[in-house]
**Q** 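Just dropping this structure here.
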Amino acid sequence: MRVLGIETSCDETAAAVVDDGIRIVSSVVWSQVAIHAPYGGVVPEIASRNHMRAIVPVVDSALEQAKTDLNHIDGIAVTLGPGLIGSLLVGVQFAKALAMATSRPVVGVNHLKAHVMASFLTDNPPHVPFIALVVSGGHTSLYHVRGPGSFELLGRTLDDAAGEAMDKAAALLGLPYPGGVAIDRVSEGHNPEAVHFPRAMMDRSSFDMSFSGLKTALRSYMEGGPCVGVGDIAASFQEAVVDVLVAKTMAAARQTGAHSIVIAGGVAANRRLRDRMREVSQEARLDLHLLPLHLCTDNAAMVACLGYHYLFGGLATVSAPRGLEMDPFARNMSDGW
Ligand code: KG4
Ligand code: ZN
């Protein structure tokens with residue numbers, strides 16, 4: 001079964017054609033990163049307008065690259081949330097219009113769960129059950145995944161996402177946007193122990209996290225007059241974020257007895273996080289799945305993959321939002337669908 005996926009939750013307009021939830025036939029991502037860079041972050045109004053401009057050419061080119069057309073698509077999947085509401089509306093309304101015009105079914109998917117499903121699109125998919133850390137500019141969540149679409153939310157950030165913390169830290173350090181990438185780059189070869197930043201909620205038994213205090217600590221440190229260079233500060237800040245992510249992920253694996261770990265989302269591209277996760281999972285003899293970069297960041301193949309399971313796979317009985325009545329949502333709902 002061939003599913004067309006559509007993703008417009010943040011600043012990437014994306015469309016993809018995926019067969020049977022496992023084979024990517026085409027995947028097109030048009031990033032607005034350069035448009036938002038002068039503002040130091042995504043401007044929601046500008047993002048929506050650009051999704052409007054990009055959605056038709058992006059979907060067209062996904063179909064073209066797959067050498068197919070709408071007559072040969074069996075179903076449509078679209079990100080329903082969480083994300084920027086004005087951006088989500090563009091993709092959702094477009095998907096509904098396509099569904100109406102083609103008489104194909106349309107299903108809405110959760111963006112965070114779609115990030116996890118990206119792991120099933122690799123040559124080496126994880127065995128269930130596994131622990132998934134979804135870590136991006138908008139989200140930081142830990143899931144226990146028992147099967148495609150069967151997710152238990154174990155914990156999440158109570159304030160800033162890890163990527164958001166990195167982006168804000170980079171701005172304080174005068175580094176360019178997107179900040180996570182810049183912090184990764186300038187940290188290379190520097191001392192991660194030069195400055196001690198707090199690691200919040202490490203002593204709690206819960207899997208929830210908090211990153212906003214870290215940003216405040218950096219601001220105070222900068223105001224006090226830094227006595228080490230930007231590279232050392234960035235490396236120390238990055239280390240604090242990575243320490244929390246690694247500790248919570250490993251604790252989740254221990255508690256659930258899962259043997260595999262998947263790291264997804266934009267921050268999964270971070271080299272220090274990847275190295276540290278490799279180290280600790282080797283020690284604990286866990287099977288670590290670090291996704292390739294194009295499957296870490298926002299894309300529509302992951303959306304089509306999860307959509308396939310709802311429309312035609314083992315999740316066909318799950319009451320996922322479908323059809324013309326579904327509405328996008330900005331904030332993540334606790335769990336369930
Ligand atoms: O998943 P994504 O593309 O979009 C969201 O759904 O947020 O993630 C973007 C986030 C940004 O905060 C960016 O700074 C961060 O991922 N990021 C990184 C790296 N590459 C991207 N953070 C740390 N190190 C990186 N190499
Ligand atoms: Zn994302």
Side-chain angles (χ1 to χ4, degrees), residues 5-14 16 27 29-34 36-37 39-42 44 47 51 78-84 87-88 91 109-119 132-141 143 156-157 160-173 175-188 192 211 214-215 234-235 237-246 262-277 290-303 305-306 330-332:
I6 296 175
E7 156 65 44
T8 63
S9 67
C10 191
D11 60 341
E12 266 97 24
T13 317
S27 179
V29 180
W30 182 72
S31 172
Q32 303 178 15
V33 109
H36 298 279
Y39 305 96
V42 178
H51 284 305
V78 63
T79 299
L80 211 51
L84 301 171
S87 292
L88 289 162
V109 311
N110 181 307
H111 181 80
L112 300 187
K113 295 177 182 178
H115 266 302
V116 175
M117 295 303 289
S119 59
L133 171 69
V134 182
V135 63
S136 74
H139 326 284
T140 302
S141 301
Y143 289 99
R156 58 178 155 170
T157 179
D160 290 353
E164 186 181 0
M166 296 252 213
D167 292 344
K168 288 177 178 169
L172 283 169
L173 294 173
L175 299 171
Y177 173 84
V181 183
I183 289 202
D184 187 345
R185 201 180 49 239
V186 304
S187 295
E188 193 168 10
F211 294 102
L214 194 50
K215 170 194 66 199
F237 187 92
Q238 174 177 265
E239 198 70 2
V241 174
V242 168
D243 269 352
V244 173
L245 296 174
V246 170
V262 167
I263 315 278
V267 182
N270 184 268
R271 288 174 296 172
R272 185 69 182 155
L273 177 63
R274 292 172 92 90
D275 286 350
R276 290 278 309 281
M277 280 308 307
L290 294 168
L291 307 188
L293 241 53
H294 68 279
L295 289 175
C296 282
T297 47
D298 286 352
N299 66 85
M302 65 187 194
V303 173
C305 171
L306 181 50
R331 296 179 65 85
N332 203 18

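Whatever order the structure lists ligands and atoms in, that order sets their numbers, starting from 1. Bear in mind that the values here come from a model prediction, so they are computed numbers and not experimental data.
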**Q** At a 4.0 Å threshold, what atoms of ligand 1 neighbour a non-hydrogen atom of Gly163?
**A**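 Close to Gly163: 12 (O).
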**Q** Do the side chain of Gln32 and the main chain of Ala47 share a donor and acceptor less than 3.5 angstrom apart?
**A**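 Side chain of Gln32 to backbone of Ala47: a pair is present.
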**Q** Is the contact between Arg271 and ligand 1 made by the side chain, the backbone, both, or neither, using heavy atoms and a 4.0 Å cut-off?
**A**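 Neither; no heavy atom under 4.0 Å.
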**Q** In the protein, what heavy atom is nearest to atom 4 (O) of ligand 1, and what distance, to one decimal place, separates them?
**A**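 Of every protein heavy atom, Asp298 OD2, 3.4 Å lies nearest to atom 4 (O) of ligand 1.
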**Q** So for ligand 1, is Pro178 a polar contact partner (N or O within less than 3.5 Å, distance only)?
**A**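 Not met; the criterion fails.
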**Q** Looking only at protein heavy atoms, which one is nearest to atom 12 (O) of ligand 1, and what is the separation?
**A**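 Scanning the protein heavy atoms, the shortest distance from atom 12 (O) of ligand 1 goes to Asp167 OD2, 2.8 Å.
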**Q** Any heavy atom of Gln238 sitting closer than 4.0 Å to ligand 1?
**A**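 Contact absent.
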**Q** Is the backbone N or O of Gly91 less than 3.5 Å from a side-chain atom of Thr8, with the two atoms forming a donor-acceptor pair by type?
**A**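 Yes, because the side chain of Thr8 sits within donor-acceptor range (under 3.5 Å) of the backbone of Gly91.
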**Q** Rounded to the nearest 0.5 Å, what separates atom CD1 in Ile6 from atom CG in Leu88?
**A**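 The CD1 atom of Ile6 sits 12.5 Å away from the CG atom of Leu88.
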**Q** Numbering the atoms of ligand 1 from 1, which are under 4.0 Å from a heavy atom of Thr297?
**A**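 Heavy-atom distances to Thr297 below 4.0 Å select 3 (O).
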**Q** How far is atom 15 (C) of ligand 1 from its nearest protein heavy atom, and which residue and atom is that?
**A**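 Closest protein heavy atom to atom 15 (C) of ligand 1: Val267 CG2, 3.9 Å.
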**Q** If you measure from atom 10 (C) of ligand 1 to every heavy atom of Ala161, Gly265, Gly137, which option wins on shortest distance?
**A**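 When every heavy atom of Ala161, Gly265, Gly137 is considered, Gly137 comes closest to atom 10 (C) of ligand 1.
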**Q** With heavy atoms only and a cut-off of under 4.0 Å, state how Asp184 meets ligand 1: side chain, backbone, both or neither.
**A**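 For Asp184, only side-chain atoms sit under 4.0 Å from ligand 1.
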**Q** Return the closest protein heavy atom for atom 22 (N) of ligand 1 as residue, atom name and distance.
**A**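 Answer, as residue, atom name and distance: Gly180 CA, 3.3 Å.
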**Q** Looking at Gly266, which atoms of ligand 1 are within less than 4.0 Å of one of its heavy atoms?
**A**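 Result: 1 (O), 2 (P), 8 (O), 16 (O), 17 (N), 18 (C), 19 (C), 20 (N), 21 (C).
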**Q** Decide whether an N or O pair under 3.5 Å exists between Glu12 and ligand 1.
**A**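 No; the residue has no nitrogen or oxygen that sits under 3.5 Å from a nitrogen or oxygen of the ligand.
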**Q** In chain order, what residues pass the side-chain hydrogen bond (donor to acceptor under 3.5 Å, both in side chains) check against Thr140, with sequence neighbours excluded?
**A**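 side-chain hydrogen bond (donor to acceptor under 3.5 Å, both in side chains) check on Thr140 returns nothing, list empty.
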**Q** Does ligand 1 have a heavy atom under 4.0 Å from the side chain of His111, from its backbone, from both, or from neither?
**A**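 It is the side chain that gets close, since no backbone atom is under 4.0 Å.
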**Q** How would you list, by chain and number, every residue that makes a side chain to side chain contact (heavy atoms under 4.5 Å, CB included) with Ser136, sequence neighbours excluded?
**A**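 For Ser136, the residues satisfying side chain to side chain contact (heavy atoms under 4.5 Å, CB included) (neighbours in sequence not counted) are His139.
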**Q** Which residues and atoms, counting only protein N, O or S, are under 2.8 Å from the Zn ion (ligand 2)?
**A**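 Per the 2.8 Å query on the Zn ion (ligand 2), atoms found are His111 NE2, His115 NE2, Asp298 OD1.
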**Q** How would you list, by chain and number, every residue that makes a side chain to side chain contact (heavy atoms under 4.5 Å, CB included) with Asp160, sequence neighbours excluded?
**A**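 Partners of Asp160 by the side chain to side chain contact (heavy atoms under 4.5 Å, CB included) criterion, ordered by chain and then number, come out as Glu164, Lys168, Phe211, Ser212, Lys215.
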**Q** So is Gly138 in contact with ligand 1, going by heavy-atom distances below 4.0 Å?
**A**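 A heavy atom of Gly138 does come that close to ligand 1.
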